[in-house]
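A quick note: this is a predicted structure, and the numbers were derived from the prediction, not measured.
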Amino acid sequence: MADLLLSSLIRIVLQKSTDSLVQRMGEMWGIDDQREKLHDKLLAVQDVLTDAEEQGDAKPSVKSWLAKLKSAAYDADDVLDEFCYEELRQDAVARGHKAGNVSGFFSVENPVLFRYKMSKKLKKVVGRIDELVTEMERFKFVQGRQGRVLQHVGTHSHVIESEVIGREGDKEKLVTLLTRVCPSENLMVLPVVGMGGLGKTTLAQLVYNDPRVKDHFKLLVWVCVSEEFDVGALTKLIIDTIVEEDCKVPSNNMELLQKRLRKEIHGKRYLLVLDDVWNENGEKWEQLRDLLNCGDLGSVVLVTTRSGIVADVMGTIPKYNLGYFNEEDSWKLFHRRAFGMRVGECEELVEIGKKLVKNCQGLPLAIKTLGSLMSYKNEVGQWLAVLEQSMIWENKHAKDDGGVLPVLRLSYDHLPSYMKQCFAFCAIFPKDYVMEKEKLVQYWMAHGFIPSDGSGGLEMSGSDIFNELALRSFFQNLEKTFCFDTYNNFEHRFYFQTTCKMHDLMHDLAQSVMRDECLSIVRPLQMNNTPKYNVRHILLGNPMENNVAIKCFPTTRSLILSTRREFYNVEDVGYVKSNFLRILHVCNNPIKNMTTLRTMKHLRYLELSVYNLTTISETISTLYLLQTLRLYNCSNLSKLPEGMRYMKSLRHFYMDYSYKLKCMPPSLGELQYLQTLTHYIVGTGVQNRIGELKTLNLGGQLCIYNLREIQDARDAREANMVSKQNLEHLELCWRLPVNVRPIFCCSEAVILHLEVLAALKPCNKLKNLQINAYRGYNFPVWMTEYQMLENLVTLYIIECTWCTSVPPLYMLPLLQTLYITYMDNLRHLCCGVFMSAKGGEDAPITFPSLKSLILIGLSNLDCWCEGDVSEKTSLIFPVLTELQITRCPKLTAIPIAPLLEKMTIEENQTLSCSMEEKVQS
């Protein structure tokens with residue numbers, strides 16, 4: 001297999017070589033001619049790369065040439081990266097950053113020495129690539145050649161149903177859908193979606209041949225589409241299939257074709273199966289759909305595809321996602337293939353076979369391929385040998401044209417080069433690893449995998465790539481979960497997180513593409529005999545033994561050190577000699593010396609989850625190319641680098657559990673690209689007031705602490721919170737992160753609290769809001785406006801002890817979680833709701849979407865709404881499933897909640913007795 005990721009690497013280098021920073025530095029240091037030469041040489045290589053990669057499969061000399069080219073391209077990328085870094089360093093020094101200043105004449109950052117060093121490096125790289133271009137000419141590569149044309153075996157409608165296993169339930173569901181079509185629908189399009197090898201075509205064949213379907217439709221047509229979606233050719237193919245002969249109409253004569261097609265299907269209720277569709281161009285489909293729209297009411301087009309994008313383009317009803325085989329059906333299929341031919345069944349082989357089937361993860365094609373392979377192996381030892389293989393297609397039979405690899409590779413080959421690189425990078429993670437979408441996109445950004453369109457929307461482009469890979473079945477088990485963290489029952493942080501996994505066979509595909517570039521070590525013993533010089537991405541975690549040192553990987557660009565700290569020693573982070581890291585993730589590893597980070601000037605992504613960190617060295621502020629900084633579980637952290645404002649490339653800054661932190665670095669408002677700032681602590685200095693947030697276009701989650709330091713509401717208004725349209729989660733807290741001591745206020749301070757909260761009015765797209773330790777008597781007007789909170793999903797009101805009422809939350813259409821604690825002066829939950837003295841069916845319905853209601857420490861809460869004095873009256877909560885009432889001693893009734901699943905009553909004798917009486921009765 002040729003190196004399919006080289007074209008993506010060359011694209012990154014070419015893009016970097018034309019970057020404005022690199023061009024300025026090249027002109028400044030008088031080496032622009034070398035930069036241009038590098039660009040021109042790589043363009044020449046790029047023009048023949050497709051042919052070279054295909055020849056590399058069969059010719060060792062070409063394969064060796066490609067390997068040398070890839071090594072040179074990586075070196076070129078590193079050299080150009082240093083130009084970018086130096087430009088940003090000089091800019092920071094000019095703005096007063098002392099940590100980035102040159103320390104002496106012989107420092108590598110001395111302008112004279114830098115020019116000499118970089119000129120020499122660049123000239124050496126250009127020379128290597130020049131030699132490779134000269135060598136390239138003897139291979140006589142074809143210029144501008146497109147990728148290889150994949151040969152498809154056309155499908156047909158015939159199927160022997162008795163030989164099909166495991167799709168009875170799916171068939172019944174589809175037959176029901178097809179035969180119960182609403183007669184008012186002229187043409188329904190039903191997409192069946194699933195990854196390659198899942199059995200979409202087989203399912204379509206079963207449905208197509210079902211007697212109920214044949215009775216329901218007057219005309220049935222089967223067409224295999226595959227890659228080419230030529231409207232004329234497809235129209236002709238449909239006509240030929242209907243008339244069962246060549247219709248003799250040229251595929252380029254659309255006038256005659258549309259007349260003939262209309263003639264054949266007019267007034268007939270038909271079923272058209274379009275098998276294996278890849279076209280994502282909506283215009284092409286609309287052209288064909290217009291021609292098909294003359295059948296009788298109830299006509300259906302059944303589409304099978306690997307791509308959810310195709311389904312979205314073509315479908316008129318929700319797509320049907322085809323699932324994997326269960327354990328029982330998987331074993332039946334394997335048993336028929338493996339034991340139904342030559343192999344004699346015995347208990348030992350059956351035991352091994354069941355373990356083999358688990359490796360197939362319910363993918364029918366993998367099971368059939370493996371079963372066919374094992375049918376030619378009669379020895380127990382042979383079966384054990386296959387079981388020990390990490391990837392089922394490492395065996396030569398699995399690489400045949402009928403195997404799993406070519407089928408999955410077909411989907412991969414359809415991806416653009418940058419998307420191939422994004423997918424293949426995921427080989428760094430172990431199987432069954434839960435990948436976080438946000439982190440994954442930031443990893444891709446760090447390596448330059450996401451093409452830049454000049455608009456700065458890398459995160460949006462990365463999100464689109466992730467979604468498209470998911471739609472194409474490269475990712476599975478997508479979940480959007482709501483997460484929240486609690487500390488001492490006071491600190492509640494909430495956020496949504498999208499996660500996914502890769503099917504084991506897709507993971508194997510990524511590994512086969514990356515070869516030895518990705519190294520995922522989950523056991524220390526795996527470190528023996530690992531390659532040193534080709535590894536670019538390493539993940540170390542889940543160790544089984546202690547005191548194992550990290551080997552030296554000089555070419556590493558991603559290093560993720562996770563889980564138990566005893567897996568690697570303190571010095572190991574510095575011991576990794578690669579200064580070319582783009583990603584460094586240190587988890588649960590004590591770090592004594594962070595000065596080694598200064599040499600890692602290429603870093604774009606840095607994540608530290610280190611419990612013993614008290615301060616972070618100013619060294620980090622010299623990482624001028626850093627895009628993402630994550631500080632998690634750094635519970636002892638008390639100070640951040642003063643020079644963070646010079647980290648000009650920083651886009652995302654995450655913090656969590658840094659409870660000893662009391663102030664932020666000065667002038668963070670200068671970080672013009674900053675999009676994520678999860679925590680901000682208001683200070684008293686001029687440079688760390690809340691006004692620093694004014695120009696930042698923040699999104700995601702933002703927790704603002706220590707609001708009590710704001711002395712004038714005009715400062716709060718300067719933060720311009722209403723302009724932050726991408727902000728979804730906002731916490732406003734008058735304490736420091738870990739301060740749980742009471743806040744005492746005079747009357748003037750109470751008024752100031754209200755004015756500050758009013759000035760911090762957010763945009764109306766907010767989904768999650770938390771108000772903590774607020775000391776106003778009332779909430780500001782914006783919290784009472786329906787339009788301002790209409791998108792709110794969760795609301796936490798924590799220790800707002802002086803407030804006498806809450807906003808009219810019962811009206812909010814999307815509110816699902818309401819958490820109210822320690823509001824001593826709150827007497828009722830709803831204000832302005834009309835109460836019926838009879839209760840029951842006459843009680844008003846409130847909180848239409850509320851699922852979880854938690855009330856803690858409301859010492860004066862005695863009714864659910866104003867004027868409700870009867871112990872039998874209450875509100876209706878139509879979808880409430882969880883209710884917790886703790887330390888609310890005056891409350892005498894609970895709401896009507898027909899869907900309630902979990903209820904907790906604590907320190908309320910009246911309600912507890914009432915509940916016991918109901919249980920006994």
Salt bridge (Lys or Arg N to Asp or Glu O under 4.0 Å) evaluation trace for E86 with R89: CA-CA 5 Å; E86 181 62 16; R89 188 194 69 81; 2.8 Å; yes

Less than 3.5 Å apart, any donor N or O on the side chain of T676 or H652 sitting next to an acceptor on the other? yes

Under the side-chain hydrogen bond (donor to acceptor under 3.5 Å, both in side chains) test, residues paired with N706 that sit two or more places apart: R708

Would you call R95 and E670 a salt bridge, taking side-chain N to carboxylate O under 4.0 Å as the test? yes

Passes side chain to side chain contact (heavy atoms under 4.5 Å, CB included), R604 versus M445? Steps please. CA-CA 8 Å; R604 260 72 168 191; M445 287 169 49; over 6 Å; no

Residues D40 and K37 bridged, charged N to O under 4.0 Å: no

Please verify the inter-ring angle class for H537 with F449; under 30° counts as parallel, over 60° as perpendicular, anything in between as tilted. perpendicular

Which of parallel (below 30°), tilted (30 to 60°) and perpendicular (above 60°) describes Y624 and H97? perpendicular

Between D656 and T678, is a side chain to side chain contact (heavy atoms under 4.5 Å, CB included) present by the stated rule, with each step listed? CA-CA 8 Å; D656 200 4; T678 57; over 6 Å; no

Regarding S667 and Q687, do their side chains bring together a donor and an acceptor under 3.5 Å, going by distance alone? yes

Just checking, is any N or O donor in the side chain of Q442 or E438 under 3.5 Å from an acceptor N or O on the other one? no

Neighbour count >12 (heavy atoms, 6.0 Å) for atom NZ, K724: yes

Verify the neighbour count for atom OH of Y654: are there more than 12 heavy atoms of other residues, nucleotides or ligands below 6.0 Å? yes

Within 45° cone of Y74 ring axis and under 6.0 Å: R536 NZ or CZ: yes

With sequence neighbours left out, write down each residue that passes side chain to side chain contact (heavy atoms under 4.5 Å, CB included) with S723, or none if nothing qualifies. N720

Please check if the side chain of E618 supplies one atom and the backbone of E642 the other of a donor-acceptor pair under 3.5 Å. yes

Ring centres of Y443 and Y605 under 6.0 Å apart? yes

F429: which residues meet the ring pair (Phe, Tyr, Trp, His ring centres under 6.0 Å) condition with it, sequence neighbours left out? Y433

